[in-house]
Amino acid sequence: MKLLRPCLGALLAAGLFLVPMNSEAAGVRVGLGADYWIDESAAFNFTLGVETPIAGPLTVGARFGAMLITRGNDVGIPLDLVLRANLARSGVYIEGLVGPWLVFGRGNTFRAHAAFGFGLQGKAASIGLEVGYLDPNPTVGLRLGYKF
């Protein structure tokens, strides 16, 4: 628990730093995900993210949320920094994610997470795939998102 407070504080500070003063430039994205955590279980998550443009089609942001791991009914908190490129003309996005995920009820609470996502982006809604690693195994999943 002593280690949890500094990590959450650092992520909160990073999230506040990423939110620009001009509200038109900031974006809020909600997401639903369904993953297969290979050799572990299925996992479902709900996330909320903030993002801000940094250059051209690139945005940087943070996402956090809640997840349910079906085998054992364990819960977790996904925390990620996100770098995303929206290729506007084609309607395609690509993104990289990295961060600590907190998984409760499976021994090791802090788990390393890194992933690559890609998919289709409309004006507000998106659908895509995410391939990554959540300690100790790879993950593959489907993502649905909506940007406000």
Side-chain angles (χ1 to χ4, degrees), residues 3-4 6-20 25-72 74-148:
L3 188 59
L4 178 62
C7 287
L8 290 177
L11 281 169
L12 179 61
L16 290 175
F17 174 74
L18 293 172
V19 176
V28 175
R29 183 180 306 275
V30 295
L32 294 173
D35 296 297
Y36 177 57
W37 189 12
I38 297 176
D39 293 335
E40 291 288 328
S41 179
F44 299 94
N45 63 63
F46 172 78
T47 57
L48 178 66
V50 294
E51 57 188 38
T52 187
I54 54 173
L58 290 177
T59 62
V60 65
R63 78 173 186 184
F64 56 93
M67 68 185 242
L68 172 67
I69 302 166
T70 58
R71 185 181 299 159
D74 297 324
V75 296
I77 301 171
L79 303 167
D80 282 315
L81 292 176
V82 181
L83 180 63
R84 183 178 178 118
N86 290 307
L87 308 174
R89 289 194 175 141
S90 64
V92 172
Y93 76 87
I94 57 174
E95 64 185 1
L97 306 103
V98 64
W101 283 26
L102 308 174
V103 178
F104 304 104
R106 291 186 170 249
N108 195 9
T109 302
F110 289 92
R111 309 253 178 171
H113 177 256
F116 170 76
F118 58 94
L120 299 174
Q121 174 70 52
K123 287 187 178 187
S126 63
I127 184 169
L129 297 175
E130 188 175 292
V131 178
Y133 175 80
L134 177 60
D135 185 35
N137 293 317
T139 62
V140 61
L142 175 67
R143 295 286 178 271
L144 300 172
Y146 191 85
K147 182 177 177 181
F148 293 94

Any idea which heavy atoms bring Asp39 and Arg71 closest together, and the distance?
-> O-NH1, 4.1 Å

State, yes or no, whether a side-chain contact exists between Thr47 and Asp80 at a heavy-atom distance under 4.5 Å.
-> no

How close do Arg143 and Gly33 get, heavy atom to heavy atom, and via which atoms?
-> NH1-CA, 3.4 Å

Are there more than 12 heavy atoms of other residues, nucleotides or ligands under 6.0 Å from atom OH of Tyr146?
-> no

Measuring from Asn137:CG to Tyr36:OH, what's the distance to the nearest 0.5 Å?
-> 8.5 Å

After noting the C-alpha distance and the side-chain angles of Leu120 and Val92, does the key distance pass the side chain to side chain contact (heavy atoms under 4.5 Å, CB included) rule?
-> CA-CA 5 Å; Leu120 299 174; Val92 172; 4.2 Å; yes

One should read off an interatomic distance between Leu83 CG and Leu81 CG, to the nearest 0.5 angstrom, of 10.0 Å

Arg106 CZ to Ser41 OG distance, which is reported to the nearest 0.5 Å | 5.5 Å

Check the side chains of Trp101 and Asp135 for a donor-acceptor pair under 3.5 angstrom, ignoring hydrogens and angles.
-> no

Answer yes or no: is there a donor N or O on one side and an acceptor on the other, between the side chain of Thr59 and the main chain of Pro53, under 3.5 Å?
-> no

Between CZ on residue Phe116 and CG on residue Leu129, distance to nearest 0.5 Å = 10.0 Å

Where the side chain of Arg111 meets the backbone of Asn108, is there a donor-acceptor pair that is under 3.5 Å apart?
-> yes

How far apart are the C-alpha atoms of Phe104 and Asp74, what are their side-chain angles, what is the distance that settles it, and do they pass the side chain to side chain contact (heavy atoms under 4.5 Å, CB included) test?
-> CA-CA 6 Å; Phe104 304 104; Asp74 297 324; over 6 Å; no

Using atom types as modelled and distance alone, determine if a side-chain donor or acceptor of Trp37 lies under 3.5 Å from a backbone N or O of Pro138.
-> no

Sub-4.5 Å side-chain heavy-atom contact between Tyr93 and Ser126 = yes

N-O pairing of Glu51 and Arg29 below 4.0 Å = yes

Are the charged groups of Glu130 and Arg63 less than 4.0 angstrom apart, N to O?
-> yes

When you look at Ile69 and Phe44, which way does the side chain to side chain contact (heavy atoms under 4.5 Å, CB included) test go after all the steps?
-> CA-CA 7 Å; Ile69 302 166; Phe44 299 94; over 6 Å; no

Check whether any side-chain N or O of Thr139 sits under 3.5 Å from a backbone N or O of Asp35 as a donor-acceptor pair, and report yes or no.
-> no

Under 3.5 Å donor-acceptor, Arg84 side chain and Ile94 backbone = no

Would you say the side-chain atoms of Asn45 pair up with the backbone N or O of Ala66, donor to acceptor, closer than 3.5 Å?
-> no

